[in-house]
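See below for the structure under consideration.
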Number of protein chains: 2
Amino acid sequence: MQKPFQINRAYKEVQQITVAVDCLIFGFNQGNLELLLVHRGFEPERDKWSLIGGFVVNDEDLDDAAYRVLRELTGLEDVYMEQVHAFGKADRDPYERVISVTYSALVLKENYDDELVRSYKAQWFPIDALPQLIFDHEEMVEAAMRRLRRRVKTGPVGFNLLPEKFTLPQLQRLYEAILGEKIDKRNFRKKLSAMNFLIRLDEKDKSESKKGAFLYRFDEEKYNDVKHFSI
Amino acid sequence: MQKPFQINRAYKEVQQITVAVDCLIFGFNQGNLELLLVHRGFEPERDKWSLIGGFVVNDEDLDDAAYRVLRELTGLEDVYMEQVHAFGKADRDPYERVISVTYSALVLKENYDDELVRSYKAQWFPIDALPQLIFDHEEMVEAAMRRLRRRVKTGPVGFNLLPEKFTLPQLQRLYEAILGEKIDKRNFRKKLSAMNFLIRLDEKDKSESKKGAFLYRFDEEKYNDVKHFSI
DNA sequence: CCAAAAGTGTTGGAAATACACCCATGC
DNA sequence: GCATGGGTGTATTTCCAACACTTTTGG
């Protein structure tokens, strides 16, 4: 009879595996939801594009590895990021067995280090016009999008894709881009003003219209009072 | 200047890490949602309890590793199982660095191999009366419960915890156990009969009441017609 | 005959949806 | 003065929650 598992934990003899993190870096620009990808200049799958990845080293928390990879590519710190899924088919990477854990990051396109990104041959693509991706990276994008859609409906995470001050038309376009559907302007604003964590400032942004739209900011305190969010 | 990541993929030199899967095996028994745990008979954390785990070997899909671990402990095949989360703090296992990917399984308690389970010193515990667990396993339970609650509200996965034929009172008790709250009988049944994928059989189960309750079965075909579920 | 669980509809309130016009401004 | 996008309220429908009595039958 076999021994219980936990007694089998002859740790040192257990096979070890290469573990990677792949980051789905989302940005919002001129009404488009975009994803940051790097060009793959070598075989196999040369000239396809790939998510930004890196390997996890032994004394590093998995989450920290994802933050490191993000920082190395964009120079950004303090970014909203969450784990999406672990992809572990034995043959998902034809070169060697690699388990990849994906993370979804919402970054402010205006903040990242453009130099750095260019030096990595990285490029932003609108989410609905992605190039061919390597391996199972399209599946990763799908999984991250499903989660992002759910998240923005149930929590105040979308604001991470907008600057501190933003207008309601901007916010609505962001939601439309993420959810992939038109939203009724009046109903959208009604919901937002019901949960009252948006503060209207005495400033207008005239860059996108003649009339100008009021700027708002998200008030974390007020949100924490009720912790309710539903779009 | 650093080279782009993907060009750094000197795979062979990358540090490798022990990867485990831990299974949250849920069962439903006499109105209680239960979790199958194994007793840990050795240090560190001797006499605490732990999820059922095992290590991923190199030519094995991550999902397959989880199925293997489940099968080895319970003898069950064809079980509903889904990945929950990858736990990767560098020091989560004090003995060695192990990344653990958790999977949530919904099993039919009447089907599993009792002999096998006992031989592993495994035991079922009601979800609201768990013993002390090792490492970060309580966090794993929390994560799996959150997901299970969401899943049973939005999809027909709860039926995996009941036999082929079941009564509505049983189903309701299952939902109450998972969601941790009382449910109104009439509203519950109204929702179920609105989505009409439950077939009432001409049999009653009299084991739990004098009057007896009609047996139902879940009709997958009918569910697939509309693919709508909401409790 | 009575205790215990199964079964069954209606109503009121809340939330979601649909929908159309005026306003301010730059050109 | 007109084209462009910003801003606002109401009526309808749909969904959800609350709620109480009758039925069956084993003991």
Side-chain angles (χ1 to χ4, degrees), chain A residues 28-32 149-150 152-155 162-163 165-177 179-217 226-231, chain B residues 28 30-32 149-150 152-155 162-163 165-177 179-196 198-217 226-231:
Chain A
F28 182 65
N29 206 268
Q30 291 170 300
N32 285 313
R149 291 200 178 104
R150 184 157 48 81
V152 298
K153 281 192 206 170
T154 57
L162 293 175
K165 302 174 181 180
F166 53 86
T167 68
L168 296 185
Q170 272 170 16
L171 185 62
Q172 182 173 345
R173 279 194 295 274
L174 172 63
Y175 270 82
E176 289 175 339
L179 301 176
E181 59 191 24
K182 276 262 160 260
I183 297 175
D184 181 272
K185 183 166 48 161
R186 283 178 285 191
N187 294 337
F188 182 72
R189 295 161 96 109
K190 192 174 350 157
K191 283 183 198 166
L192 286 168
S193 75
M195 321 172 276
N196 57 333
F197 47 63
L198 290 190
I199 313 274
R200 193 175 89 174
L201 307 175
D202 287 329
E203 289 174 81
K204 283 192 165 189
D205 168 27
K206 296 205 165 187
S207 66
E208 308 196 40
S209 76
K210 294 161 186 169
K211 183 176 177 180
F214 277 106
L215 286 163
Y216 287 75
R217 66 177 181 80
V226 278
K227 282 255 162 84
H228 169 73
F229 191 104
S230 172
I231 294 267
Chain B
F28 182 63
Q30 292 170 298
N32 285 314
R149 292 201 178 104
R150 186 156 48 79
V152 297
K153 281 191 209 174
T154 56
L162 293 176
K165 302 174 180 181
F166 54 86
T167 67
L168 295 186
Q170 270 169 18
L171 185 63
Q172 182 172 345
R173 279 194 294 275
L174 172 65
Y175 270 82
E176 288 174 338
L179 301 176
E181 59 191 24
K182 276 262 160 262
I183 297 175
D184 180 273
K185 184 167 46 162
R186 282 178 284 192
N187 293 336
F188 183 71
R189 293 162 97 110
K190 191 171 356 150
K191 282 182 201 168
L192 286 167
S193 77
M195 321 173 278
N196 57 336
L198 289 191
I199 313 276
R200 193 176 88 173
L201 308 176
D202 287 328
E203 285 174 81
K204 283 192 166 189
D205 168 27
K206 294 204 167 189
S207 66
E208 308 195 42
S209 75
K210 294 163 185 172
K211 184 176 177 182
F214 277 106
L215 286 163
Y216 287 76
R217 66 177 181 80
V226 278
K227 281 252 161 85
H228 168 73
F229 192 104
S230 171
I231 293 266

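Chain A is the first sequence line, chain B the second, and so forth, proteins listed ahead of strands; every chain is numbered from 1. Computed from a predicted model, the values in this text were never measured in an experiment. Heavy-atom basis, side chains included; hydrogens, waters and symmetry copies ignored.
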> Rounded to whole angstrom units, what separation is found between the CD atom of A:Glu176 and the P atom of D:dG5?
Replying inline: 14 Å

>> Among D:dA18, D:dG6, D:dT25, which nucleotide has an atom closest to any side-chain atom of B:Lys206?
In response: D:dT25

> Between D:dA18, C:dC19, D:dG5, which nucleotide gets closest to the side-chain atoms of A:Ser209?
Replying inline: D:dG5

>> Give me the atom names and distance for the closest heavy-atom approach of B:Phe214 to B:Leu201.
In response: CD2-O, 3.5 Å

>> Could you tell me how far apart B:Lys190 (NZ) and C:dT8 (P) are, to the nearest whole angstrom?
In response: 13 Å

> Roughly how many Å is it from CG in B:Asp184 to P in C:dT11, rounded to a whole number?
Replying inline: 16 Å

>> Need to verify one output field. Residue with the more 5' nearest nucleotide on DNA chain C, B:Lys210 or A:Asn187?
In response: B:Lys210

>> For a quick test of reading the model, state the closest non-hydrogen atom pair linking A:Leu168 to A:Leu198 and the distance between them.
In response: CD2-CD1, 3.9 Å

> Please give, in whole Å, the distance from C:dA6 P to B:Phe166 CZ?
Replying inline: 15 Å

> To the nearest angstrom, how far is A:Gln170 atom CD from D:dG7 atom P?
Replying inline: 11 Å

>> Less than 4.5 Å apart, side chain to side chain, heavy atoms only: is that true for A:Leu192 and A:Leu171?
In response: yes

> How many angstroms lie between atom CG of A:Leu215 and atom CD1 of A:Ile199, to the nearest 0.5 angstrom?
Replying inline: 13.5 Å

> Do the side chain of B:Lys211 and the base of C:dA6 come within less than 3.5 angstrom through a donor-acceptor pair of N or O atoms?
Replying inline: yes

>> Please classify the nucleic acid contact of A:Lys191 as base, sugar-phosphate, or nothing, using heavy-atom distances under 4.0 Å.
In response: sugar-phosphate

> Looking at D:dA20, does its base get a donor-acceptor pair with the side chain of B:Arg186 below 3.5 Å?
Replying inline: yes

> Within less than 4.0 Å of OP1 or OP2 of C:dG7, is there a side-chain N or O belonging to B:Arg189?
Replying inline: yes

>> What contact category does A:Lys185 fall into here, base, sugar-phosphate, or nothing, at under 4.0 angstrom with non-hydrogen atoms?
In response: base

>> Is there a side-chain contact between A:Lys204 and the phosphate of D:dG6, meaning an N or O under 4.0 Å from OP1 or OP2?
In response: no

